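Here is the structure we will look at.
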2 protein chains.
Amino acid sequence: MPAKRSPARRPTMKDIARRAGVSESAVSFALNGRPGVSEVTRDRVRRVAEQLGWRPSTAARQLSGEGAATVGLVVARPADTLGVDSFFLQLISGIQEVLAERHLGLLFQVVEDVDAECGVYRRWWAEHRVDGVMVVDPRTDDPRPDLLDELGLPAVVIGGVPDARHPGLSTVWADDAGAMAAVVGQLYALGHRRIVHIAGLPGLAHTERRIRTLRTEAERRGLCEVRSVTTDYSDAEGAAVTRRVLAEDAPPTALVYDNDVMALAGVTAAAELGFAVPADVSVISWEDSALCRMVKPWLSALSRDTVGFGRKAAEELTALLDGGPARTVQVPVPRLIERESTGAALDSQPRPRGSGSAG
Amino acid sequence: MPAKRSPARRPTMKDIARRAGVSESAVSFALNGRPGVSEVTRDRVRRVAEQLGWRPSTAARQLSGEGAATVGLVVARPADTLGVDSFFLQLISGIQEVLAERHLGLLFQVVEDVDAECGVYRRWWAEHRVDGVMVVDPRTDDPRPDLLDELGLPAVVIGGVPDARHPGLSTVWADDAGAMAAVVGQLYALGHRRIVHIAGLPGLAHTERRIRTLRTEAERRGLCEVRSVTTDYSDAEGAAVTRRVLAEDAPPTALVYDNDVMALAGVTAAAELGFAVPADVSVISWEDSALCRMVKPWLSALSRDTVGFGRKAAEELTALLDGGPARTVQVPVPRLIERESTGAALDSQPRPRGSGSAG
DNA sequence: TGAGTGGACTAATGCGCTTGAGTACCTAGA
DNA sequence: TCTAGGTACTCAAGCGCATTAGTCCACTCA
């Protein structure tokens with residue numbers, strides 16, 4: 001027995017029908033803009049509905065065959081990893097802009113891992129809760145596309161690479177490979193030959209793509225002291241890896257971080273070891289956020305329109321919901337914005353100076 | 001006509017009834033644990049249901065009087081202000097932990113302002129979308145409690161101060177006043193007499209409470225060079241205010257920032273003006289996050305368990321949904337964690353040294 | 001033997017909405 | 001005058017579930 005404070009009762013179509021002196025069906029026709037009622041009646045019904053503050057009950061509507069008017073988004077990341085970077089809230093903001101227009105709700109859930117995520121999809125599907133979902137953090141060897149196919153749940157994969165095996169899924173993606181190539185190109189032009197890429201979570205599709213591209217680009221230029229190290233995206237691991245690689249005999253002269261948080265943690269760690277940025281080591285953040293302009297030196301970063309990314313994804317999903325075909329759309333390649341943390345490489349072998357002695 | 005890929009059909013109670021050889025009512029009784037069926041039948045029905053992967057349709061359930069099994073959360077902040085601080089995603093993580101257990105969905109929406117937020121509540125109410133809502137960022141002179149009373153929508157206010165005028169609302173709050181008193185006390189003990197509080201958005205209840213407490217505490221100690229300045233929480237304004245107050249003839253020796261982002265922007269701005277932290281000016285961040293340990297000097301911060309805060313709030317809401325009474329519960333007072341950004345005040349009047357000349 | 005009792009189950013209704021199948025009325029054409 | 005074809009509606013069924021009011025069948029006790 002739910003808490004009740006005897007509030008205003010919600011008006012139903014029956015109320016409107018009574019007040020307008022027509023049948024419920026007429027009200028339905030009038031309100032849904034379908035033929036079968038005269039313009040006068042339609043107007044009258046509309047006015048009564050508005051006056052009563054009526055809104056269709058999504059439950060009832062759904063029960064009679066329409067959708068749930070809701071889309072789902074589940075992110076599978078531990079809580080602490082989630083909070084730090086600004087990506088998700090930005091993305092969600094963009095998604096909302098589009099959904100709000102169409103009066104679609106967003107069902108949001110955070111879970112621990114992909115298995116749990118699949119469980120959520122199953123439940124949502126069985127409970128008729130959502131009409132479609134947005135999938136983030138696509139992985140190599142990802143179980144979700146197959147599942148969504150099986151359930152017949154319309155979905156758009158955000159940040160995935162186009163995948164011919166799942167023609168039912170839309171994909172919205174940015175060309176990370178192209179961006180990585182540009183980064184390597186620019187660092188190379190600045191004279192950098194030893195580059196370390198502090199990557200994100202190993203299973204993620206875009207992580208793997210960046211790693212692969214880095215290797216390809218390095219090989220193409222004959223660089224052998226170029227590599228990637230995966231992390232969990234946290235500031236702690238970002239700092240730890242930074243300390244480790246800078247302590248090597250021939251430390252890298254450029255560091256590329258897969259998010260803003262690690263980049264910041266990295267410059268701080270580098271500074272503690274006596275490495276000046278960008279004099280001794282250049283730093284690039286893959287994510288551009290307010291953070292990058294809040295520290296000195298300002299961080300050079302790959303900038304993309306995350307809000308727009310979310311908007312685009314939501315548009316694709318609504319198109320799918322309207323019965324449109326699955327599509328693959330590409331958003332603009334992230335642009336490298338050079339600020340203060342990148343510069344020419346030193347010719348000589350850099351040696352840590354100052355306080356911190358590398359262990 | 002929605003996109004269909006002729007997927008698996010969702011099983012209904014009718015399917016179960018057929019397979020188990022009983023009526024739909026028996027299935028309902030069996031599955032909802034109410035009397036009217038034998039234990040053998042109940043078991044059999046349960047087994048069939050599980051085997052079929054059945055889950056109750058929330059829509060149908062709702063239509064027959066139960067709730068929507070969903071709670072709502074709307075945050076009214078512009079997208080760019082939202083992304084930066086980690087508070088919301090942490091809060092949501094906590095909320096989810098509790099909701100997931102009870103199979104409650106979270107309908108999430110971000111809007112521009114409180115008016116829009118009220119509109120969302122009205123719509124959700126009329127559409128039967130949610131059973132209750134969580135209200136964040138309570139304000140002085142807030143229209144939302146009245147509205148929620150009027151709609152009879154169970155709600156818990158997160159971070160509000162207990163309000164006797166709305167006995168229907170639960171409140172989960174932290175004692176910001178006590179925390180501010182502690183901060184002032186500690187700064188006073190360190191010898192600080194000129195303190196500026198770089199506050200958040202002016203309309204917010206906790207902003208006003210902190211400002212009021214700061215003034216009270218200052219008066220109690222006879223300090224007249226203590227004041228608050230409100231901002232929009234952005235790094236830009238945080239930096240701007242910092243620059244402005246440090247350029248004064250008798251600049252403050254301690255700065256208290258209402259979030260981590262502004263605190264970070266503040267120390268950077270201070271450094272550019274030649275102020276060393278904490279030698280020339282002490283800095284405290286009201287929000288403790290990874291950020292605070294990612295910069296040198298590490299930021300002293302008021303730490304609270306944001307995830308736990310969200311958990312607590314969700315628990316109160318579910319209690320309300322279960323028909324419990326509205327309550328006011330307090331979470332632990334934020335604790336001041338002193339790191340490297342706070343220290344004793346200089347006796348002498350500090351003067352900017354070094355590069356930056358204040359304009 | 002018949003009335004009474006309680007346990008196990010079925011039938012029927014309603015929630016708010018959509019929708020296909022009518023129905024009543026009007027006009028036009030043969 | 002009768003029919004064909006609209007138009008503007010109304011009726012009734014059904015979506016998946018909960019729930020109230022039965023129904024049927026032992027079984028007990030007088």
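Residue numbering restarts at 1 for every chain, and letters A, B, ... go by the order of the sequence lines. Everything quoted here is computed from the prediction, not taken from an experiment. The figures here come from the full heavy-atom set of this structure, side chains too, leaving out hydrogens, waters and symmetry mates.
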How long is the line joining CD of E24(B) and C1' of dC15(D), in whole Å? 11 Å
So, taking the atom named CG in L317(A) and the one named CG in L321(A), what distance separates them when rounded to the nearest 0.5 Å? 5.0 Å
Charged N-O contact under 4.0 Å between R42(B) and E39(B): yes
Per the side-chain hydrogen bond (donor to acceptor under 3.5 Å, both in side chains) rule, what does the pair list look like for residues 27-37 of chain A, sequence neighbours excluded? N32(A)-R61(A)
Find the distance R10(A):CZ to dC15(C):C1' and express it as a whole number of Å. 13 Å
Starting at atom NE2 of H128(B), determine the distance to atom P of dC17(C), rounded to an integer number of angstrom. 8 Å
Quickly work out the L31(A) CG to dT19(C) P distance and round it to whole Å. 13 Å
Can we say K312(A) and D305(A) salt-bridge, meaning some charged N sits less than 4.0 Å from an Asp/Glu carboxylate O? no
When all nucleic acid strands are considered with a 4.0 Å heavy-atom cut-off, which category describes Q62(B): base, sugar-phosphate, or nothing? nothing
Identify which nucleotide among dT19(C), dC17(C), dC15(C) has an atom closest to any side-chain atom of W54(A), counting heavy atoms from C-beta outward. dC17(C)
Whole-Å gap separating P (dA8(D)) and CZ (F29(A)): 13 Å
From NE2 (H103(A)) to OG1 (T58(A)), nearest 0.5 Å: 13.0 Å
Without hydrogens or angle criteria, can the side chains of R129(B) and S57(A) be said to hold a donor-acceptor pair below 3.5 Å? no
Sequence-distant partners of D131(A), salt bridge (Lys or Arg N to Asp or Glu O under 4.0 Å), two or more places apart: none
On a heavy-atom basis, which atom in A76(B) and which in E117(B) lie closest, and how many Å separate them? CB-OE1, 3.4 Å
State plainly whether the residues R122(A) and E150(A) are in salt-bridge range, i.e. N to O under 4.0 Å. yes
Restricting both atoms to N or O, compile the protein contacts to nucleotides 22-27 of chain C shorter than 3.5 Å, with distance only.
none

Atom CD of E66(B) and atom P of dC15(C): how far apart are they, to the nearest Å? 15 Å
DNA chain C nearest-nucleotide lookup for A59(A) and A26(B): closer to the 5′ end is A26(B)
Between S28(B) and dA18(D), does any side-chain N or O lie under 4.0 Å from OP1 or OP2? yes
Output the rounded distance in Å from CG (N32(B)) to C1' (dT20(D)). 15 Å
On the nucleotide dG16(D), are OP1 or OP2 found under 4.0 Å from the side-chain N or O atoms that R61(B) carries? no
Salt bridge (Lys or Arg N to Asp or Glu O under 4.0 Å) with D163(A): which residues, sequence neighbours excluded? R165(A)
Where G72(A) and V130(A) come nearest, the two heavy atoms and their spacing: N-CG1, 3.8 Å
Specify the residues of residues 13-23 of chain A, ordered by number, for which at least one heavy atom lies under 4.0 angstrom from an atom of DNA chain D. V22(A), S23(A)
Specify the residues of residues 35-48 of chain B, ordered by number, for which at least one heavy atom lies under 4.0 angstrom from an atom of DNA chain D. none
Can you tell me how far P of dC17(C) sits from CG of L63(B), to the nearest Å? 9 Å
S25(A) side-chain N/O to dT10(D) phosphate OP1/OP2 under 4.0 Å: no
Regarding D15(B) and R10(B), does a basic nitrogen lie under 4.0 Å from an acidic carboxylate oxygen? no
